[in-house]
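The figures here come from the full heavy-atom set of this structure, side chains too, leaving out hydrogens, waters and symmetry mates.
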Amino acid sequence: MIKIENYKLFVNSKDFEYLVKKAEIELAGSKLPYSESLKKYLKKCINDESILVLYENELPIGFYIIYINNRRVELSFTYIVSQYRNKGYSHKLRIAAIEKFKDKYDKIETYILKNNIASLKGLEKLLEIYKPQYEKKQIVDQFGNQSYRFIIQGFK
C-alpha cells in the first residue's frame with residue numbers, strides 16, 4: 001500500500017535521513033549538484049515543512065523536497081529508490097506535491113537533462129493533467145550538457 005507523509009521530526013525523520021543518504025551515494029559523481037543543493041536547502045525545507053516521504057508497505061522508498069522563495073520555486077527534487085523506479089511512484093509523489101504546495105508558488109523553473117527520458121515523460125504527464133502555461137527551451141550548459149529548461153506558471 002502506498003502512503004505519502006509530511007516530514008515530521010522524530011516521526012519519520014530517520015526514514016527521510018536514510019533516503020537522503022541513499023540518494024547521496026547513488027548520485028555521487030553524477031551531473032546533478034545534489035550534495036550542494038541539499039546543504040543549501042535542506043534546513044530551509046525542514047523549517048518550511050516542504051518535504052514529503054513516500055512509503056510502500058511501510059518501507060520508505062522516496063521523497064520530494066521543494067523550496068519556495070517569493071512565490072518562486074528555487075528547488076524541486078524527487079528521489080525514488082532504484083528498485084521502485086518506473087512503476088509510477090514519482091508521478092504519484094509529484095501529484096501529491098503539486099496538490100499540497102501549488103497555492104504557495106506562481107512559477108517553477110526547472111531543468112531536465114535531454115537524455116533523462118523518464119523525467120521528461122513524467123513532466124509531460126503533469127503538464128497534460130494541470131494544463132499550465134509553460135515555455136520549453138533546449139539549452140547547452142558550460143559543460144556541454146544538453147537539457148531542456150521549463151518555465152511553468154499556473155498549476156491550478
Trainee: According to a hydrophobic-cluster definition based on side-chain heavy atoms being under 4.5 Å apart (Ile, Leu, Val, Met, Phe, Trp, Tyr only), do V53 and F10 belong together?
Mentor: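 Looking at the clustering, F10 is in the same group as V53.
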Trainee: Which atoms form the tightest heavy-atom contact between T78 and L93, and what is the distance?
Mentor: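 Looking at all heavy atoms of both residues, the closest pair is CG2-CD2, 3.9 Å.
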Trainee: Are L9 and I4 connected in the hydrophobic side-chain network, where two residues link if heavy atoms are under 4.5 Å apart?
Mentor: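 Linked within one cluster.
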Trainee: Of all the heavy-atom pairs spanning E128 and K131, show the shortest one and how long it is.
Mentor: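 Shortest heavy-atom separation between E128 and K131 comes out as O-NZ, 2.8 Å.
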Trainee: Under the rule for side-chain hydrogen bond (donor to acceptor under 3.5 Å, both in side chains), what residues qualify as partners of K3, not counting sequence neighbours?
Mentor: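 Testing K3 for side-chain hydrogen bond (donor to acceptor under 3.5 Å, both in side chains), a comparison that skips the adjacent residues, returns E5, E58.
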Trainee: Report the distance from atom SG of C45 to atom CZ of F77, rounding to the nearest 0.5 Å.
Mentor: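 Taking SG in C45 and CZ in F77, the distance rounds to 11.5 Å.
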Trainee: Please check if any side-chain donor atom of Y64 sits under 3.5 Å from a side-chain acceptor atom of S76, or the reverse.
Mentor: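 Per modelled atom types, Y64 and S76 side chains form a pair under 3.5 Å.
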Trainee: Verify the neighbour count for atom NZ of K125: are there more than 12 heavy atoms of other residues, nucleotides or ligands below 6.0 Å?
Mentor: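 Incorrect, the count does not exceed 12.
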Trainee: Roughly how far apart are N12 CG and E17 CD, rounded to 0.5 Å?
Mentor: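 Reported value, rounded in 0.5 Å steps: 10.0 Å.
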Trainee: Starting at NZ of K8, measure out to OG of S13 and round the result to the nearest 0.5 Å.
Mentor: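 Reported to 0.5 Å precision, the distance equals 11.5 Å.
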Trainee: Could you tell me the separation between the OH atom of Y84 and the CG atom of L54, rounded to the nearest 0.5 Å?
Mentor: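 Y84 atom OH to L54 atom CG measures 10.0 Å (nearest 0.5 Å).
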Trainee: Mind checking whether I2 and L126 sit in one hydrophobic cluster, side chains of I, L, V, M, F, W, Y counted as touching below 4.5 Å?
Mentor: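 Result: yes, single cluster for both.
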Trainee: Are more than 12 heavy atoms, taken from residues, nucleotides or ligands other than N47, located less than 6.0 Å from that residue's CG atom?
Mentor: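 Count over threshold, so yes.
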Trainee: Would the number of heavy atoms belonging to other residues, nucleotides or ligands and lying under 6.0 Å from CD of E49 be above 12?
Mentor: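 No.
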Trainee: For atom OH of Y134, decide whether the heavy atoms of other residues, nucleotides or ligands shown that lie under 6.0 angstrom number more than 12.
Mentor: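 Incorrect, the count does not exceed 12.
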Trainee: Which heavy atom in L113 sits nearest to a heavy atom in L120, and how many Å separate them?
Mentor: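 The pair with the smallest heavy-atom distance is O-CD1, 4.0 Å.
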Trainee: To the closest 0.5 Å, what do you measure between CG (D103) and CZ (R71)?
Mentor: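 Taking CG in D103 and CZ in R71, the distance rounds to 7.5 Å.
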Trainee: Taking NZ, NE, NH1 and NH2 as the nitrogens, is one of them in E135 or K137 under 4.0 Å from a carboxylate oxygen of the other?
Mentor: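 Salt bridge between E135 and K137, a charged N being under 4.0 Å from a carboxylate O: yes.
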Trainee: So, Y79 versus E24: side-chain donor-acceptor pair below 3.5 Å or not?
Mentor: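 No, no side-chain donor-acceptor contact under 3.5 Å.
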Trainee: Please evaluate residues Y130 and I152 with respect to the criterion side-chain contact (heavy atoms from CB on, under 4.5 Å), reporting the C-alpha separation (whole Å), side-chain torsions for both, the decisive distance (0.1 Å), and the verdict.
Mentor: CA-CA 11 Å; Y130 289 97; I152 306 166; over 6 Å; no
Trainee: Using a 3.5 Å distance criterion without hydrogens, assess whether the side chain of R149 forms a donor-acceptor pair with backbone atoms of E109.
Mentor: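 Side chain of R149 to backbone of E109, a donor-acceptor pair under 3.5 Å: no, none is there.
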Trainee: If two hydrophobic side chains count as joined below 4.5 Å and joins carry through other members, does I151 share a cluster with L75?
Mentor: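 No, no single cluster joins them.
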Trainee: Is I129 close to I98 at the side-chain level, that is, under 4.5 Å between some pair of heavy atoms?
Mentor: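 They are not in side-chain contact.
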Trainee: Between K104 and D48, is any pair of side-chain heavy atoms under 4.5 Å apart?
Mentor: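 Not touching, per the 4.5 Å side-chain cut-off.
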Trainee: Check the orientation of F16 and Y7. Use parallel for under 30°, tilted for 30 to 60°, and perpendicular for over 60°.
Mentor: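 Because their plane-to-plane angle is over 60°, the rings of F16 and Y7 count as perpendicular.
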Trainee: May I have the step-by-step check of side-chain contact (heavy atoms from CB on, under 4.5 Å) for L52 and I66, ending in yes or no?
Mentor: CA-CA 9 Å; L52 300 177; I66 185 170; over 6 Å; no
Trainee: Determine whether I80 and N86 make a side-chain contact, defined as any pair of heavy atoms from C-beta on separated by less than 4.5 Å.
Mentor: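 Sidechains of N86 and I80: no contact.
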Trainee: Counting only heavy atoms not in Q153 (residues, nucleotides, ligands), do more than 12 fall under 6.0 Å from its CD?
Mentor: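 Yes, enclosed.
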Trainee: Using the rule that Ile, Leu, Val, Met, Phe, Trp and Tyr join whenever any side-chain heavy atoms are under 4.5 Å apart, tell me whether Y148 and I117 fall into a single cluster.
Mentor: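 Cluster IDs for Y148 and I117 differ.
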Trainee: Report yes if the side chains of I68 and E74 come closer than 4.5 Å at any heavy-atom pair, otherwise no.
Mentor: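 No - every pair of side-chain heavy atoms lies 4.5 Å or more apart.
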Trainee: Where is the tightest heavy-atom contact between P60 and L19, given as atom of each residue plus distance?
Mentor: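 Looks like O-CD2, 3.7 Å.
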Trainee: Evaluate the criterion side-chain contact (heavy atoms from CB on, under 4.5 Å) for residue pair V73 and F101; output intermediate values, then yes/no.
Mentor: CA-CA 10 Å; V73 174; F101 302 112; over 6 Å; no
Trainee: What distance do T110 atom OG1 and F150 atom CZ have between them, rounded to the nearest 0.5 Å?
Mentor: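 The CZ atom of F150 is 8.0 Å from OG1 of T110, to the nearest 0.5 Å.
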Trainee: Checking Y89 against I61 for the side-chain contact (heavy atoms from CB on, under 4.5 Å) test, could you report, in this order, the C-alpha distance in whole Å, the side-chain angles of both residues, the deciding distance, and whether it holds?
Mentor: CA-CA 9 Å; Y89 293 124; I61 64 166; 4.0 Å; yes
